[in-house]
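Note sheet for the following structure.
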Number of protein chains: 2
Amino acid sequence: MKLALCDDHQLFRKGLRQLIEDFTTPSEILWEAENGRDALYYIRKGMVPEILLLDAQMPIMDGEQTANILKSEFPEIKVLVLSMLDEEARILYLLRQGVRGFISKDIRPQELEEGLLIVEKGGYYFSDAATAHMLETIQSNKNVNEKEMLSDKETQFLVLSCSELTYKEIAEQMQLSFKTIDHYRIALFGKFKVKSRVGLVIYALKHGLVHL
Amino acid sequence: MKLALCDDHQLFRKGLRQLIEDFTTPSEILWEAENGRDALYYIRKGMVPEILLLDAQMPIMDGEQTANILKSEFPEIKVLVLSMLDEEARILYLLRQGVRGFISKDIRPQELEEGLLIVEKGGYYFSDAATAHMLETIQSNKNVNEKEMLSDKETQFLVLSCSELTYKEIAEQMQLSFKTIDHYRIALFGKFKVKSRVGLVIYALKHGLVHL
DNA sequence: TAAAAAAAGGGGATATTTCCTCATAAAACA
DNA sequence: TGTTTTATGAGGAAATATCCCCTTTTTTTA
């Protein structure tokens with residue numbers, strides 16, 4: 001099994017490598033990268049793994065961007081996302097980018113091997129019950145979750161809301177009137193079931209929609 | 001060198017173990033624990049390491065609580081904190097608990113060995129320039145940093161501010177009038193140089209003063 | 001093409017936040 | 001003891017956030 005690791009924490013890569021070396025399945029790690037940019041560099045040079053273990057949160061180029069580019073350029077690479085958070089909206093986005101599953105960084109060794117084998121065979125693997133359940137929900141009822149998705153403007157508004165800017169200033173940045181961005185506010189309050197801007201900020205950070 | 005690892009992520013422990021086994025200095029890992037409670041269990045059973053590599057953020061019992069208990073019960077154990085964040089106020093707290101230094105989880109292998117050797121000899125090690133600089137500041141000008149510290153009420157107010165409660169509701173929870181907690185707000189705005197409650201929340205989360 | 005939906009914008013009301021100044025009681029201190 | 005500092009609280013005002021109801025323009029879709 002030809003693998004590649006993309007994670008910004010060296011210790012995690014080290015731990016993963018150790019785990020993988022202990023597999024009964026013979027496996028090879030082609031390369032390790034600290035971010036998506038470096039990973040793409042290796043891949044474009046022809047070092048194409050069967051499965052890429054991709055961290056969601058990285059500096060320079062994060063998992064989402066990387067998965068997005070891989071989807072169009074190298075759709076044959078099976079991407080397994082390493083995620084510490086329960087990033088609902090992000091998971092949805094990554095699924096659209098065709099990733100083959102998620103594993104929590106707290107995964108047990110056997111689970112990792114099992115997951116990799118499943119993905120190698122063309123399957124999907126979700127290390128944690130909550131994520132698996134979410135997938136079912138998504139697949140069974142697309143519309144509900146489509147509504148949970150954020151438009152570009154809503155996302156932009158959300159990011160700017162997680163700063164000290166007032167709504168008036170956010171409106172200026174977005175080149176829209178205060179009255180218009182207020183619709184985004186109401187929409188997000190409804191989607192996230194929060195009652196105030198502070199609640200919105202907390203929700204966004206807790207679910208990994210916005211990084212600190 | 002007798003070591004022990006306390007970190008909730010198995011992969012990190014695995015990576016650390018690997019790193020430590022590669023040391024030129026012969027080292028032994030007495031045990032690994034997933035949280036402070038388990039670590040204390042081992043220690044109280046007599047498995048006392050020279051140096052404890054302690055993660056700051058863990059479930060059940062975090063690094064701060066653990067360091068606090070170790071300070072009084074086992075002051076001879078040298079604690080080296082594993083930290084991914086630049087948690088200014090928390091670093092201050094941990095220093096008060098007598099920890100011997102901090103290493104970022106992005107540390108390079110040689111640095112870890114170097115740090116452990118220094119700590120073994122009774123020294124202090126700070127893996128990152130910013131942290132080292134902060135220590136100087138703390139030591140050179142205690143008063144400035146004492147003022148940066150938060151009182152119990154300020155801390156309580158800060159935690160409650162990182163929720164959807166209004167100030168009026170926070171005042172009720174704290175059994176104080178709105179006008180009184182407003183003083184805490186002003187104090188925190190000044191200390192953290194923020195301009196709004198959202199700014200306060202962001203600051204608190206970014207610096208690890210409040211957990212999500 | 002016509003109807004429906006979504007995006008953009010507005011008026012205006014109320015609640016909350018933010019920022020002043022000031023007063024009083026408790027605690028610390030010299 | 002008297003003085004100073006700190007914690008507590010108040011009045012009031014301006015800015016911001018939140019929530020109604022409404023119209024116009026653009027985009028989607030039937």
Side-chain angles (χ1 to χ4, degrees), chain A residues 89 92 96 141-206 209-210, chain B residues 89 141-206 209-210:
Chain A
L92 276 173
R96 289 224 173 66
N141 193 345
K142 217 176 214 174
N143 293 333
V144 175
N145 289 91
E146 288 298 330
K147 278 177 191 160
E148 294 290 315
M149 286 301 296
L150 307 185
S151 68
D152 288 349
K153 290 251 174 70
E154 282 173 347
T155 303
Q156 191 186 355
F157 172 80
L158 181 60
V159 171
L160 292 171
S161 291
C162 293
S163 75
E164 290 201 295
L165 297 173
T166 66
Y167 287 143
K168 196 200 283 184
E169 290 166 331
I170 291 173
E172 284 167 18
Q173 285 240 345
M174 291 178 71
Q175 310 246 51
L176 292 169
S177 83
F178 172 81
K179 289 297 182 177
T180 299
I181 64 158
D182 200 40
H183 291 305
Y184 302 138
R185 181 186 62 76
I186 290 167
L188 292 177
F189 276 29
K191 285 180 183 180
F192 300 158
K193 306 204 201 316
V194 297
K195 289 194 280 285
S196 67
R197 179 163 168 186
V198 169
L200 187 66
V201 170
I202 302 275
Y203 184 96
L205 293 172
K206 187 178 277 179
L209 273 49
V210 176
Chain B
N141 195 343
K142 216 177 215 172
N143 292 334
V144 174
N145 289 91
E146 287 299 331
K147 278 177 192 162
E148 295 290 315
M149 288 301 296
L150 307 185
S151 69
D152 287 350
K153 290 250 175 69
E154 281 173 347
T155 303
Q156 191 186 354
F157 172 81
L158 181 59
V159 171
L160 293 171
S161 292
C162 294
S163 75
E164 290 201 295
L165 296 173
T166 66
Y167 287 142
K168 196 199 283 184
E169 291 166 331
I170 291 173
E172 284 167 18
Q173 285 242 344
M174 291 178 70
Q175 310 245 49
L176 292 169
S177 84
F178 171 80
K179 289 297 181 177
T180 299
I181 64 159
D182 199 40
H183 291 300
Y184 302 137
R185 181 186 61 77
I186 290 166
L188 292 177
F189 275 30
K191 285 179 183 181
F192 299 158
K193 304 201 202 317
V194 297
K195 290 193 280 285
S196 67
R197 180 166 169 186
V198 169
L200 187 67
V201 170
I202 301 275
Y203 184 97
L205 293 172
K206 188 179 278 181
L209 273 50
V210 176

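Heavy atoms only: backbone and side chains are in, while hydrogens, waters and symmetry mates are out.
Rounded to an integer number of Å, the gap from CG of B/Leu160 to C1' of C/dT17 is 17 Å. One can place CZ of A/Phe178 at 15 Å from P of C/dG12, the figure rounded to the nearest angstrom. One atom, CG of B/Asp182, and another, C1' of C/dT16, lie 11 Å apart when rounded to the nearest Å. Computed from coordinates, the A/Phe157 CZ to D/dA17 P distance equals 9 Å when rounded to whole Å. Look at CG on B/Asp152: it is 15 Å from C1' on D/dT6, rounded to the nearest Å. In this entry the distance linking NZ of B/Lys153 with P of D/dA7 reads 8 Å, nearest Å. Rounded to an integer number of Å, the gap from CD1 of A/Ile181 to P of D/dT18 is 11 Å. Counting to the nearest Å, the C1' atom of D/dC19 and the NZ atom of A/Lys179 are 9 Å from each other.
Among the atoms of the strands shown, only primed sugar atoms or phosphate atoms (P, OP1, OP2) are found under 4.0 Å from some heavy atom of A/Leu176. Using a 4.0 Å heavy-atom cutoff across all strands shown, A/Phe189 reaches sugar-phosphate atoms only and no base atom.
Using cut-offs of 30° and 60° on the angle between ring planes, the pair A/Phe192 and A/Tyr203 is parallel.
Residue B/Arg185 places at least one side-chain N or O under 4.0 Å from the OP1 or OP2 atom of C/dC19. For B/Thr180 and D/dG9, the shortest distance from a side-chain N or O to OP1 or OP2 is below 4.0 Å.
Mapped onto DNA chain C by nearest heavy atom, B/Lys195 and B/His183 fall at different nucleotides, with B/Lys195 at the one closer to the 5' end.
Between B/Lys179 and B/Asp182 there is no salt bridge, since no side-chain N of the basic residue sits under 4.0 Å from a carboxylate O of the acidic one.
Residues of residues 162-173 of chain A that place a heavy atom closer than 4.0 Å to DNA chain D, in numerical order, are A/Thr166, A/Tyr167, A/Lys168.
Set against D/dT18, C/dT18, D/dG9, the side chain of B/Ser177 has D/dG9 as its closest nucleotide. In the set D/dT18, C/dT17, C/dC19, the nucleotide with an atom closest to the side chain of B/Arg197 is C/dT17. Taking the side chain of A/Ser196 as heavy atoms from C-beta on, and the options C/dT17, C/dG11, D/dT18, the nearest nucleotide is D/dT18.
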Quick one, B/Leu150 with B/Leu188, criterion side chain to side chain contact (heavy atoms under 4.5 Å, CB included). Give me CA distance, side-chain angles, the key distance, then yes/no. CA-CA 8 Å; B/Leu150 307 185; B/Leu188 292 177; 3.5 Å; yes
Would A/Glu172 and A/Leu165 count as a side chain to side chain contact (heavy atoms under 4.5 Å, CB included) here? Give the steps. CA-CA 10 Å; A/Glu172 284 167 18; A/Leu165 297 173; over 6 Å; no
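Considering only heavy atoms from C-beta on, A/Lys153 stays 4.5 Å or farther from A/Thr180 through its side chain.
A/Arg185 CZ to A/Ile170 CD1: the interatomic distance, rounded to the nearest 0.5 Å, is 11.0 Å. Remark: B/Gln156 CD to B/Gln173 CD distance equals 8.0 Å, nearest 0.5 Å.
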